[in-house]
Amino acid sequence: MRAEAIVDLSAIKHNVELLKKSAGTKLLAVVKADAYGHGLIPVAKAALSAGADYLGVALLEEAIALREAGIDAPILAWLVQPGSDFKKAIELDIELAVASLAALKEISDASNAKKAKVHLEVDTGMSRGGFLSEWNLLEASHLVNVEIVGIFSHFARADEPDERQNLDQMTRFNEMVARVHELGFTHVIRHLSNSAATLKNHAAAFDMVRAGIAMYGLSPDVNTLGTSQSLGLRPAMQLRAALYLVKDVPANTPVGYGATESTSADTKLGVVAMGYADGIPRVAHDAGVWCAGEKAPIIGRVSMDQFVVDLGAASKAKSGDWVVVFGNSSHGEYTADDWGAASGSINYEIVTRIGPRVPRIYSAHVY
Ligand SMILES: *Cc1c(COP(=O)(O)O)cnc(C)c1O
């Protein structure tokens, strides 16, 4: 085997339990984007077995895949395109976010004996999805053919808990909830919090929280909220790769495309058989791998299928040895946070971009 992402489902369960306890409400487990790269179906099942009440995805296809795997828990899909097969969604009991009157009409028209279950998405200040000015035009008559089960919105700055915008969004959300109540829908599930708000803004928990990144054991923002460890979260994924080749090279040996770096001393180089086609960011110069109890930094440019690390002259590593690209740092290995920082990005992007060539392996014995 060349490379693998080992996913510890017991870590997912631990995180779901922790988040649900922290929120004190229902929990929607966000499993969009192949469960943030961890594998849609195994993660969905683990989350449900740990007490998640709902599953949340972006796309209708993702929701259909869950149903086709035999999962019968409530599912909400919130990025459903105009012209989608709404009849199929209704038939499969997939709940749909609605963010405009046009979408509401389309979904109402697809409803028949069985009504579509919808969550009204409101824009409380992020200016992405959700009703904004059209909200004032919404009337009870628009809602007769559908069943309103929820109202929700999304925070723009929940990872900066002291920002005024969080409070403004909550105020606006409460106003929009009041309007839905006025229209006669008093039992809707209200949900606003993502992972960061679930951890740091208990006043925003309402009836349900939507937890994504923290369920995978990663911090929504290590700088403002602290590390996984300090939040009590267990990172679920360890990305490992085999050293394809190890070789001794003299000082001043140029490495990789463009010869952007050369060895500073006689050393051993390790060729890792993963590259940007597998989701290793080409810009992540400051990251590296954990090899035989030590950090080995990247040297030279990351290629499509491989990159080179400087193992140091004294290294005992040999071809075929496994290295950890990122893990939970319990031994000092690099983390998804480190790779995020090294590529001017965030842990979310690191885990979701691991390519399809990397098999996901499920084991409770990652570490
Ligand atoms: C992705 C997403 C979430 C989860 O966000 P995290 O920061 O990963 O917890 C919650 N709600 C919506 C609408 C999302 O798109």
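Counting begins at 1 with the first residue of the sequence. Atoms within each ligand, like the ligands themselves, are counted from 1 in listed order.
Side-chain N/O atoms of Asp310 and Thr267 include a donor and acceptor closer than 3.5 Å. Between the side chains of His154 and Arg210, at least one donor-acceptor pair of N or O atoms lies under 3.5 Å. In this structure, a donor-acceptor pair under 3.5 Å is present between the side chains of Thr335 and Asp338.
Of all protein heavy atoms, the one closest to atom 7 (O) of ligand 1 is Tyr348 OH, 2.6 Å. Remark: minimum distance from atom 13 (C) of ligand 1 to any protein heavy atom is reached at Trp78 CE2, 3.6 Å. With hydrogens left out, the protein atom closest to atom 11 (N) of ligand 1 is Arg210 NE, 2.8 Å, a heavy atom.
In this structure, His119 and Phe152 have perpendicular ring planes: the angle between them is above 60°, well past the 30° mark.
Residue Lys32 touches ligand 1 through its side chain alone, judged by heavy-atom distances below 4.0 Å.
Under the salt bridge (charged side-chain N to carboxylate O under 4.0 Å, His left out) criterion, Asp305 pairs with Arg357, not counting sequence neighbours. For Phe173, the ring pair (Phe, Tyr, Trp, His ring centres under 6.0 Å) partners are Phe206, not counting sequence neighbours.
Of all atoms in ligand 1, numbered sequentially from 1 with element shown, those under 4.0 Å from a heavy atom of Ile213 are 6 (P), 8 (O), 9 (O). Counting the atoms of ligand 1 from 1 in the order shown, those under 4.0 Å from a heavy atom of Tyr36 are 1 (C), 4 (C), 5 (O), 6 (P), 8 (O). Under a 4.0 Å criterion applied to the non-hydrogen atoms of Asn194, ligand 1 contributes the atoms 5 (O), 7 (O), 9 (O).
Considering Gln306, Arg2, Arg353 in turn, Arg2 is the only one that fulfils the side chain to side chain donor-acceptor pair (under 3.5 Å) rule with Asp278.
Of the options Ser195, Gly130, Ala197, the smallest heavy-atom separation from atom 9 (O) of ligand 1 is shown by Ser195.
Any N or O atom pair closer than 3.5 Å counts here, and Ala211 shares no such pair with ligand 1. For ligand 1, the polar-atom distance check finds no N/O of Val30 at less than 3.5 Å from any of the ligand's N/O atoms.
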